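Order of the sequence lines fixes the chain letters, A, B, ..., with proteins taken first and strands second; residue numbering starts at 1 for each chain. All of these numbers come straight from a predicted model, not from anything done at the bench.
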Protein chains: 2
Amino acid sequence: MATEQAAKDAVNPAAVSCADIDPGECPYYLITRVSLGATAAMKRGFAEAGIGFVRPAYLGSLMSLWREDGLRVIDLGRRAGLEPSTMTGLLDRMERDGLVERRPDPADRRVLKIFLTETGARIRQTVIGIVDGTLLRVLSGVGRGEIDTLKELLRKVLVNVREERVEG
Amino acid sequence: MATEQAAKDAVNPAAVSCADIDPGECPYYLITRVSLGATAAMKRGFAEAGIGFVRPAYLGSLMSLWREDGLRVIDLGRRAGLEPSTMTGLLDRMERDGLVERRPDPADRRVLKIFLTETGARIRQTVIGIVDGTLLRVLSGVGRGEIDTLKELLRKVLVNVREERVEG
DNA sequence: TCAGTATTATACGCATACGTAATATACGCG
DNA sequence: CGCGTATATTACGTATGCGTATAATACTGA
């Protein structure tokens with residue numbers, strides 16, 4: 001029956017409950033610690049490659065700019081998944097570190113367009129290599145199919161948390 | 001053959017590469033955004049339940065103290081997965097918000113033991129209910145077996161990033 | 001005993017992220 | 001045209017986390 005199938009596939013409270021208070025069993029604990037640990041691994045990867053001025057937080061913006069240079073602050077934030085107010089400080093640091101520069105848009109004086117510097121453009125392949133290498137290490141022992149599953153599940157959760165935000 | 005099996009199970013670079021620069025395909029992007037989104041959802045859950053003074057960052061420490069009250073700062077940090085220097089500020093805020101208190105240990109004057117206040121102990125069931133409820137929403141549409149898979153994969157990754165840290 | 005080392009917690013500076021408020025500019029409608 | 005609204009960005013305060021340095025205390029071996 002459809003009902004039985006639905007019940008079978010439904011979330012089982014026991015599978016997500018943190019009532020027994022074992023961090024290793026709490027998805028929230030796992031996600032946040034993995035996120036912190038992966039960020040630390042990225043930071044170390046950049047430092048060891050001699051480009052410690054590239055911070056993990058820059059990745060979303062750099063990736064977006066490598067794909068399309070000269071984006072507005074707000075569009076860059078949308079693609080990186082960050083609030084506009086977060087972008088200000090981030091871009092301050094990226095500018096300080098010589099990766100991007102802000103240029104006014106003559107067509108709309110409210111707008112600043114973000115452009116890669118020569119350095120920001122040049123490090124592209126190096127950075128991608130470090131990100132991929134770090135992911136290989138962090139995901140070592142996880143099979144290819146499992147990685148696809150992981151990505152699929154995380155994408156689903158990401159949709160849920162974004163809807164949460166909108167509803168509120 | 002063992003070799004063929006190993007090759008089959010090995011991480012496929014194509015599965016983790018961020019070279020095509022699509023955030024939705026990059027596990028690092030997914031993990032960090034899900035972590036931020038889940039934390040925001042927890043924060044909202046507490047606020048809506050009228051206990052906004054409970055912050056998501058307190059969860060690891062609260063869970064540990066509900067299990068065993070009177071832990072030292074360093075042991076609390078180990079269980080919550082946080083550095084000692086991070087614990088100082090966290091405990092400052094938890095103390096300010098009336099959830100815990102520091103008490104000297106007569107047996108070792110370097111040590112401060114952390115105890116739940118009456119409030120900190122009383123909110124236990126409420127907090128666990130909100131955490132579980134938030135996880136149910138965030139994981140809605142994800143089947144029970146998938147959640148177990150997700151947890152298993154995250155635990156494996158967590159081990160990897162912790163080894164990374166030690167080796168460095 | 002006491003000199004050297006280890007442990008515990010904190011202090012401080014920095015990075016990263018959010019929300020709210022303020023500022024400057026653009027746009028739409030009468 | 002000009003007024004009210006919308007948009008883009010920044011400013012500011014706060015939370016959360018790390019690393020390094022420091023202070024106080026404990027331990028250990030000669």
Side-chain angles (χ1 to χ4, degrees), chain A residues 28-29 32-44 46-47 52-61 71-78 80-97 102-114 161 164-165 168, chain B residues 28-29 32-44 46-47 52-61 71-78 80-97 102-114 161 164-165 168:
Chain A
Y28 178 64
Y29 174 88
T32 55
R33 294 314 113 178
V34 166
S35 175
L36 285 174
T39 297
M42 291 290 172
K43 184 179 166 188
R44 272 195 34 203
F46 294 134
F53 56 90
V54 178
R55 311 303 311 276
Y58 300 172
L59 282 176
S61 297
L71 289 167
R72 300 181 306 165
V73 173
I74 197 168
D75 289 327
L76 202 49
R78 256 192 279 268
L82 296 172
E83 296 295 317
S85 63
T86 303
M87 293 305 297
T88 298
L90 186 65
L91 290 171
D92 286 348
R93 291 188 293 277
M94 291 180 74
E95 222 168 9
R96 177 201 64 190
D97 295 335
R102 293 164 159 110
R103 291 188 212 154
D105 178 0
D108 185 339
R109 286 196 294 168
R110 293 171 304 178
V111 170
L112 290 175
K113 291 196 166 181
I114 311 302
V161 299
E164 281 262 324
R165 184 175 257 166
Chain B
Y28 178 64
Y29 174 87
T32 55
R33 294 315 111 180
V34 166
S35 176
L36 284 174
T39 298
M42 291 289 172
K43 184 178 168 189
R44 273 195 33 201
F46 294 134
F53 57 90
V54 178
R55 311 303 311 274
Y58 300 172
L59 283 177
S61 297
L71 289 167
R72 300 181 307 164
V73 173
I74 197 168
D75 289 327
L76 202 50
R78 259 191 277 267
L82 296 171
E83 296 295 318
S85 63
T86 303
M87 293 305 297
T88 299
L90 185 65
L91 290 171
D92 287 347
R93 291 188 293 275
M94 291 181 74
E95 221 169 10
R96 177 202 63 190
D97 294 335
R102 292 163 161 109
R103 291 187 211 156
D105 178 1
D108 186 339
R109 288 195 293 169
R110 293 170 303 181
V111 170
L112 291 175
K113 290 195 166 180
I114 310 303
V161 299
E164 281 262 325
R165 185 176 257 167

Could you say whether A/A40 or B/P56 is positioned toward the 5' end of DNA chain D, judged by the nucleotide with the nearest heavy atom to each? B/P56
Phosphate-side-chain proximity, [X] and [N], N/O vs OP1/OP2 below 4.0 Å:
X	N	value
B/R44	C/dC18	no
B/R110	C/dT7	no
A/R93	C/dT16	yes
A/R55	D/dC18	no
B/R33	C/dA17	yes
B/T86	D/dC18	yes
B/R72	C/dT8	yes
A/R102	D/dT9	no

Can you tell me how far apart CD1 (B/I114) and CG (B/L91) are? Round to the nearest 0.5 Å. 4.5 Å
Name the residue from A/L90, A/L71, A/V73 that meets the side chain to side chain contact (heavy atoms under 4.5 Å, CB included) definition with A/S61.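 One option only clears the test, and that one is A/L90.
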Hey, are B/R102 and B/D92 close enough for a salt bridge, meaning a charged N less than 4.0 Å from a carboxylate O?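 Here B/R102 pairs with B/D92 in a salt bridge, since their nearest N and O are under 4.0 Å apart.
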Watson-Crick or G-U stems of DNA chain D, 3 or more pairs, under 3.5 Å, by first number: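 Output for stems: C:1-30 with D:1-30.
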DNA chain C: A/R109 or B/P84, which has the more 5' nearest nucleotide?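 Whichever sits nearer the 5' end wins; that is B/P84.
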